[in-house]
Colleague: 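This is the structure I want to talk about, given as structure tokens.
When a ligand or atom number is given, it counts from 1 through the structure's own listing order. Excluded from the calculations below are hydrogen atoms, water molecules and symmetry mates; all remaining heavy atoms, backbone and side chain alike, are included.
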Amino acid sequence: MEAKLKELKTYLVEVDDLHSAAALLYWDQSTYMPSGGAAARARQTATLSRLAHEKFTAPALGRLLDILQPYEEQLPYDSDDASLIRVTRREYERAIKVPPAFMQKLYSHASESYQVWTEARPANDFTMVKPYLEETLTMSRQLAEFFPGYEHIADPLIDFSDYGMKASDVRRIFSELRTRLVPIVDAITVQSPADDSCLHQTFSEEQQLKFGIETIKCLGYDFERGRQDKTHHPFMTKFSLGDVRITTRSKEDDLSDALFSTMHEAGHGMYEQGIRMEFDGTPLANGTSSGVHESQSRLWENVVGRSRRFWSCFYPKLQAEFTNQLGTVSLETFYRAINKVEKSLIRTDADEVTYNLHVLLRFDLELDLLEGTLTVADLPESWRERFQTDFGIVPPDDRDGVLQDVHWYSGPIGGAFQGYTLGNILGAQFFESALDSHPEILSEIETGEFGTLHGWLRENIYQHGSKFTASELVQRVTGSSLRIEPYISYLRQKYGELYELPPEESLMKEVD
Ligand code: ZN
């Protein structure tokens, strides 16, 4: 059995080599590649991805997993070997259900659709992408049909990114969140907005990047096993557990853009850098779900990076870097500026309070499209109506409405958005557990010390990679399933200091 297990690992490492090579090509394309390389690069990436898929779905791997099944059954569930066999089988069985020809068609359709979207958005022309989006919807439904027995047609699609979550689970969580979030948003946004003009002066790119790098080194991002480069849309990528890279961008007239996106991507990067080296090259060497991954980026970006404690230590350093711009701006003014709450059009620019409303809107529209209760033709109008209901404003055009996010134009419809909000909820829940074990984390943040928090996250979350599912992990780490309470109380406590917030009346009524 040990020989067979070794054979499995060798096999999986070769699959991973192909994926990593494709990831490196993509990283290069997004950072340094001259535009003349685009056509050949698309082909090269597609070739490597196809080879990886063929190798991973080969019957030889299925036979190896069958041989190893009795061995897995003898081992404890949480042993590394049993977990490797279990997680590989789960991914193998999912991968073989979809015919390679279909995947090929889906990829090539997605890349055409993406090309058209890059022109349709600046042109504010939904009709350009409409036929592509209709085809995407048809293909998304077909993709779901390869996994019969679902409760909701979106379930198999959600499963790809947040394994084990069903549309009904997400709906229940989101509906509870909505009930408790909307009164907070409404109460804050009727008050006069914070003045964030201090963030909108001229800040040199070089200084911004330097400050960002110094900051994430303090948080614990390891530059011996990673690096940061510039791109248009920041992302994290990994070629091995020893090479986990992040990307960033800066705007000279907006200090917060690079700063918080750098901390966000560093959060994703530290998660992957913290996975146990023994898992390298196997399916265990990844974050376990999009929700848990986002919980780590958002914990560092928001819960730590936008906290008063953090800036009581880091603001003097920022002032020293930008003496002309911030020398006379108080910590309080800066703190209020980086936590300004307003109902705005663009999801990626939204503050942490209103952000989730953007996600809930997209999630509900996705389900309507997949259920067939909403047509692609009616999507822009539904977007406007829902935006009016939730934000009290109507997007002036489709560019900043239904065309703003790349997701539906570059991949299947369904499963792409819920992870962002699940991440906000889980980030607060994990942070609460970390504080239960180590209350000193708060005073350490105030002195620029992150070792206890980082160590706790590594011990409880990072090291496991995808050994446990998201729900198993949350249960193990926090002693309960996903709860929105820690997130709501985090928001109420933080924003209750900055704005007048009414008590939660609806909850008080439910007491009797
Ligand atoms: Zn993220």
Side-chain angles (χ1 to χ4, degrees), residues 23 26-27 30-31 158 160-163 165 170 174 177 212 215-216 219-221 226-238 244-251 256-275 285-307 338 346-363 366 404-408 410-411 415-431 454 457 461-462 465-466 470 473-474 482 487 490:
Y26 175 77
W27 170 86
S30 314
T31 49
I158 294 172
F160 283 120
S161 45
D162 287 289
Y163 174 76
M165 278 266 173
V170 182
F174 283 7
L177 178 67
T215 303
I216 61 173
L219 301 181
Y221 177 80
R227 54 178 285 132
Q228 178 178 267
D229 296 87
K230 284 193 296 171
T231 190
H232 290 295
H233 300 285
F235 61 95
M236 179 222 73
T237 187
K238 176 184 74 205
V244 181
R245 301 188 191 184
I246 57 173
T247 53
T248 195
R249 64 163 178 219
S250 72
K251 292 183 186 156
S256 59
D257 200 58
L259 190 55
F260 292 107
S261 102
T262 300
M263 282 194 250
H264 181 98
E265 298 308 328
H268 284 303
M270 289 191 284
Y271 184 5
E272 304 245 344
Q273 286 181 335
I275 296 173
N286 294 304
T288 191
S289 72
S290 75
V292 174
H293 233 303
E294 283 298 314
S295 79
Q296 296 315 302
S297 53
R298 278 151 203 279
L299 191 157
W300 288 106
E301 176 197 354
N302 292 329
V303 181
V304 175
R306 287 183 209 262
S307 71
I338 59 169
I346 307 293
R347 174 184 64 85
T348 52
D349 295 340
D351 57 82
E352 58 178 327
V353 184
T354 60
Y355 184 90
N356 298 297
L357 295 180
H358 291 270
V359 174
L360 269 47
L361 174 152
R362 287 153 176 78
F363 182 75
E366 276 188 341
Q404 71 175 267
D405 288 311
V406 64
H407 306 56
W408 292 338
S410 63
F417 286 104
Q418 76 285 330
Y420 297 119
T421 285
L422 294 175
N424 281 327
I425 297 170
L426 287 172
Q429 190 172 347
F430 289 139
F431 192 69
H454 193 168
L457 292 168
I461 299 170
Y462 299 172
S466 46
L473 188 72
V474 176
L482 179 145
Y487 182 56
Y490 158 75

Colleague: Which atom, among the N/O/S set of Glu294, is closest to the Zn ion (ligand 1)?
Modeller: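 Sorting the N, O and S atoms of Glu294 by distance to the Zn ion (ligand 1) puts OE2 first.
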Colleague: Are Phe235 and Tyr26, when compared by the centres of their aromatic rings, separated by less than 6.0 Å?
Modeller: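 Ring centroids of Phe235 and Tyr26 are less than 6.0 Å from each other.
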Colleague: Please check if any side-chain donor atom of Asn356 sits under 3.5 Å from a side-chain acceptor atom of Tyr487, or the reverse.
Modeller: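 The answer is yes; a qualifying pair exists.
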Colleague: Specify which N/O/S atom of His264 comes nearest to the Zn ion (ligand 1), by atom name.
Modeller: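 Relative to the Zn ion (ligand 1), the closest nitrogen, oxygen or sulfur of His264 carries the name NE2.
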Colleague: Is the distance between the Zn ion (ligand 1) and the nearest N/O/S atom of His268 smaller than 2.8 Å?
Modeller: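 Within the cut-off used here (under 2.8 Å), His268 does place an N, O or S atom near the Zn ion (ligand 1).
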Colleague: Before you tell me yes or no, could you show the steps for Thr247 and Asp229 under side-chain hydrogen bond (donor to acceptor under 3.5 Å, both in side chains), namely the whole-Å CA-CA distance, both residues' side-chain angles and the distance that decides it to 0.1 Å?
Modeller: CA-CA 5 Å; Thr247 53; Asp229 296 87; over 6 Å; no
Colleague: Tell me which one of Glu294, Arg298, Gln296 satisfies side-chain hydrogen bond (donor to acceptor under 3.5 Å, both in side chains) with His268.
Modeller: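 The residue from Glu294, Arg298, Gln296 that satisfies side-chain hydrogen bond (donor to acceptor under 3.5 Å, both in side chains) with His268 turns out to be Glu294.
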